[in-house]
Every structure is written in C-alpha cells, then in structure tokens.
> 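Attaching a single structure in structure tokens format; questions to follow.
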Amino acid sequence: MKLDPAFIWTAFIQLLSAVPTTLELTAVSVLCGLLIGTAAALVRIYRVPVLHPLASAYVTFIRGTPMLTHLLLIMFGLPMIIDSVAEGLGLPFRSVSIPMIGFAFISFSITAGAYMSEVVRSGILAVNRGQFEAAYSIGMTTPQLLRRIVLPQAFASALPNLSSAVIGTMHSTTLAFIASVVEINAKAQIVASTNWKFFEAYIAAALLFWGLTIAVERLTALLEKRIHIYNRGGVA
Amino acid sequence: MIRLTQIRKSFGRNEVLKGIDLAVEKGEVVVILGPSGSGKTTLLRCINYLEKPNGGEITIGDLTVHCKHPSKKDIHRLRGKTAMVFQQYNLFRHKTALENVMEGLVVVHKVPKEEARRRSAELLEKVGLGDKLNAYPSELSGGQQQRVGIARALALNPEVILLDEPTSALDPELVGEVLAVIRKIAKEGITMIIVTHEMGFAQDVASRVVFMDQGVIVEEGKPSELFRSPKEERTKQFLQRITPEGVYSI
C-alpha cells in the first residue's frame with residue numbers, strides 16, 4: 001500500500017461539509033455545559049440544601065463514567081422515558097420524531113456540564129474574599145454580586161481551563177457517529193471506505209481538527225488579552 | 001445616630017466581643033484603639049454585618065436590627081446605611097477607578113448611568129484622583145487605591161463610614177495622602193468610625209476615642225483627655241507601649 005498525498009487534499013475538501021455539524025455539536029454542548037456547570041458550581045459552593053448533594057452526585061457520576069456510556073444511556077434510556085411519559089399523559093408525541101443529533105446534544109451537554117462545573121468552581125474559589133465583602137458592603141445582593149463581580153472575575157481566571165474544556169468537547173463530538181450523526185470523523189470514515197484510502201482520509205481529519213483547535217486557541221488568546229486588561233499593571 | 005447595644009460575637013469558643021455598648025452621634029468621628037486581638041475590627045465588621053453578631057442590637061437611624069434573628073431585608077437595609085473602607089482596599093479589580101465608585105450607585109441605588117458617572121468623577125476629583133478615572137486598581141499605588149476606596153464609600157452617601165485600619169497596608173510614605181483625605185471628609189461632618197494605629201491622626205481627627213481590650217470597651221473620652229490622662233490602668237499601659245515619651249504633646 002502506498003500513500004496517496006493528493007487524496008489527503010481531496011478528502012480534506014470533502015470533510016469540510018461536516019465542519020458545521022462538528023461546530024454545532026461543540027457550540028451547543030459548550031454553551032449548555034457552561035450553564036449547567038455554573039449552576040452546579042454555585043449550588044455546591046453555596047451548599048444549597050437538597051440540590052447540593054444532587055450536584056455533587058452528578059459531577060462524580062458523569063466524570064466517573066465514559067462519555068460514550070452517557071451517549072448510549074441517553075440514546076436508549078431517554079426515548080423510553082419520553083414515550084412512557086407521553087403515553088401516560090395521553091399525548092400523541094413519540095420519541096421517534098426526535099432527530100438523532102438531539103440525543104447527542106443532550107448527552108454531550110450533560111458530560112460537558114460536569115467538567116465545566118469544576119472549571120467554574122475553581123474560578124469562583126480563586127476570587128478574593130475581599131471582593132465579596134466589598135460588594136456586600138456597598139449593599140449588593142448575592143445575585144448582583146455574582147453577576148457583576150464574582151463571575152466575570154471567575155471566568156477570567158478560569159479561561160485557560162475553559163479553553164481546554166472547549167477543545168476537549170470538540171474532539172469528543174466525534175462520538176456522535178454512534179448516533180449516526182455525520183461529523184468530521186464520521187465523514188472521514190465514509191470518504192475513506194468509499195475510496196479505500198483510510199490513512200489519507202484520517203490524516204485529513206486530523207489536520208482539520210488541528211486547524212479548528214488552533215482557531216479556538218487563537219480566540220482564547222484574544223479573549224485573554226481583553227479580559228486581562230485590568231491586570232496590565234502587574235500585581236493587584 | 002448609631003447605637004450598638006450589647007453586641008456579642010464568638011468565633012467558636014473564643015468570645016471576641018463581650019457585650020459592646022456604643023452610641024455615635026451624627027457627625028462624630030469615633031476612633032477605636034486597642035491592642036491586636038481586642039475585637040475592634042470585629043466590632044466594626046459587625047456594624048455592617050460582614051461579621052454576624054451572636055447577640056445584641058444595632059440601630060442606625062430608623063432601623064433597628066436584632067442580631068439574634070435578623071431578617072435578610074434588615075441586613076440589606078443595614079448595609080445600605082453603612083459603607084466600609086477596607087485595610088486591603090478591596091477595589092473591584094476588573095473595574096476602573098470610576099467604575100468602582102459608580103458600581104454601588106448604578107447597581108444598588110439605581111442612579112442613571114450618566115448622573116452616577118458625573119457624581120463619581122466629582123468624588124474622585126475630591127480625593128485627588130481626577131486624572132486616574134480610567135485606571136484599573138492594579139495600575140494605582142496603595143494610597144491611590146485606598147483613596148478610590150474612600151470615594152466608593154462616600155458615593156453611597158451612607159449614614160456612617162466604617163474605616164478598618166485604612167492605612168495599615170500602606171507604605172509609610174503613602175500614609176499621609178490617605179489620612180489627609182480622611183481628615184478632609186471628617187471636616188465635612190460625615191459620621192465615621194475608624195479603627196487605626198495612627199495615634200497622631202487619632203488625636204487630631206477624633207471627636208471621641210474608644211479604647212477596647214479583650215472584647216470590652218475599657219474607656220472612652222475626648223482624645224485630649226484619653227491620651228493625656230487615661231483613667232484605666234490598661235489604657236495607660238497600652239498608650240505607654242505604643243507612644244514614645246513626649247511625642248504627643250498637644
């Protein structure tokens with residue numbers, strides 16, 4: 001077997017059609033994950049009764065099981081729940097009408113949420129106690145304090161870890177092929193098997209992922225520069 | 001008018017405040033002195049509930065908070081009537097000097113942005129930082145940061161400003177500029193309670209000095225009286241320890 005360098009390019013071009021799907025999967029999981037993660041982090045930090053042990057259990061279970069397992073559990077479990085609930089309520093809705101990518105969105109968001117919650121939590125814990133006290137002393141309520149003072153600083157300090165989480169999530173979206181979603185890696189498999197040029201197609205996929213990752217890194221650097229304007233004087 | 005009645009506070013088994021009574025009239029500048037561990041900072045922090053007292057009553061103007069069972073609303077109102085200047089400045093580090101001063105006005109008091117900006121700029125001008133409006137805390141010296149802190153407290157137009165060792169974290173050569181600002185606002189009749197170790201300043205600015213030790217108020221009086229002829233043995237010892245002979249002649 002000989003490498004066909006030209007085919008790498010051919011495959012690369014064909015893979016581009018799957019980029020929107022990968023980006024969509026990444027964006028939805030990251031955004032929902034960030035929401036879930038921030039909520040879980042706050043619930044754990046403030047030790048909200050009832051919710052606090054639930055949030056802890058969520059984080060340890062999700063981080064303690066593979067992402068592939070989450071996807072399989074959601075794919076097979078969720079339709080059963082939805083159908084029995086719909087039936088019980090006498091609704092005509094059935095889970096078959098949910099597109100497969102929907103299960104990927106849900107499952108990836110749940111996975112990302114658990115990892116993001118630890119990232120956000122570390123960011124919040126890194127905010128100086130004095131910032132809380134100053135905000136309370138000028139009469140802010142806890143929601144105002146979180147929104148205006150703590151979370152902006154928490155996200156700023158968590159940015160490097162957050163970008164790792166985004167990159168990790170993007171690479172993990174390749175698992176969506178289990179749910180028959182054609183993202184970059186699945187597309188590579190299709191391109192490879194129709195042409196019998198596996199190595200070339202996967203090289204193209206690797207390059208494409210690398211490129212997307214570099215874009216995320218660049219974006220992070222840009223954000224970091226903007227957010228850390230307030231650090232420009234050096235020590236705080 | 002501020003009245004503290006039988007304020008108690010314990011950290012675990014350590015009783016830090018053993019029933020403090022203190023009344024402060026409008027326009028008074030009360031300086032609290034005392035050895036470290038005497039509870040003076042804790043007392044100050046109890047007044048705006050950064051520390052939760054275990055018992056007693058806090059009255060500020062028309063609001064009385066019963067410290068055993070305070071409602072969330074009461075605590076919030078109490079904080080609305082007080083402002084704090086911190087030893088470590090505690091400026092919001094992701095906001096400029098101007099934004100730091102504006103924050104309370106806009107978010108808490110719902111003052112329109114333009115007006116808040118104007119008032120904040122005026123206050124920063126007043127503390128001598130008219131040229132630093134857009135500087136971040138990390139770009140300012142300690143003395144400048146503390147002056148922003150004072151402007152931030154003034155902006156809220158509180159009934160009392162609590163200053164917790166406002167110059168203790170500063171390099172010696174920066175202490176003067178901060179004390180000058182505090183002196184200036186004291187002259188305007190703003191009620192202040194100050195914990196400080198700057199004896200000369202205390203003598204100069206205070207209308208009353210309170211000496212605390214081991215969680216109780218040992219003695220209080222006019223600065224001239226308390227510094228020159230302290231009645232209690234503990235006060236004498238404390239003053240002797242920290243004031244070299246003959247420095248505090250008035």
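Being a predicted model, the structure only gives us computed values, none of them experimental. By convention in this document, chain letters (A, B, ...) are assigned in the order of the sequence lines, proteins followed by strands, and residues within each chain are numbered from 1.
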> Could you look at B:H76 and say if it's the side chain, the backbone, both or neither that has a heavy atom under 4.5 Å from chain A?
side chain

> Should B:L163 and B:T196 count as side-chain neighbours, where that means a heavy-atom distance under 4.5 Å?
no

> With chain A as the partner, which of B:L140, B:L91, B:I75 has the greatest number of non-hydrogen pairs under 4.5 Å?
B:L91

> Select, from B:Y89, B:F86, B:Y49, the one with the greatest count of heavy-atom pairs under 4.5 Å involving chain A.
B:F86

> Go through the atoms of A:Q144 and report whether side chain, backbone, both or neither lie under 4.5 Å from a heavy atom of chain B.
side chain

> Given the ring of B:F92, does A:R148 sit roughly above its face, with NZ or CZ under 6.0 Å from the centre of the six-membered ring and within 45° of the axis?
no

> Among side-chain atoms of B:D164 and B:T41, is any donor-acceptor pair under 3.5 angstrom?
yes

> Taking the inter-plane angle between the rings of A:F209 and A:H171 on a 0 to 90° scale, is it parallel (under 30°), tilted (30 to 60°) or perpendicular (over 60°)?
perpendicular

> What is the distance from atom CG of B:L162 to atom CE of B:M84, rounded to the nearest 0.5 Å?
6.0 Å

> Given a strict heavy-atom distance threshold of 4.5 Å, which part of A:A156 is in contact with chain B: side chain, backbone, both, or neither?
neither

> For B:R77, which atoms come within 4.5 Å of any heavy atom of chain A: side chain, backbone, both, or neither?
neither

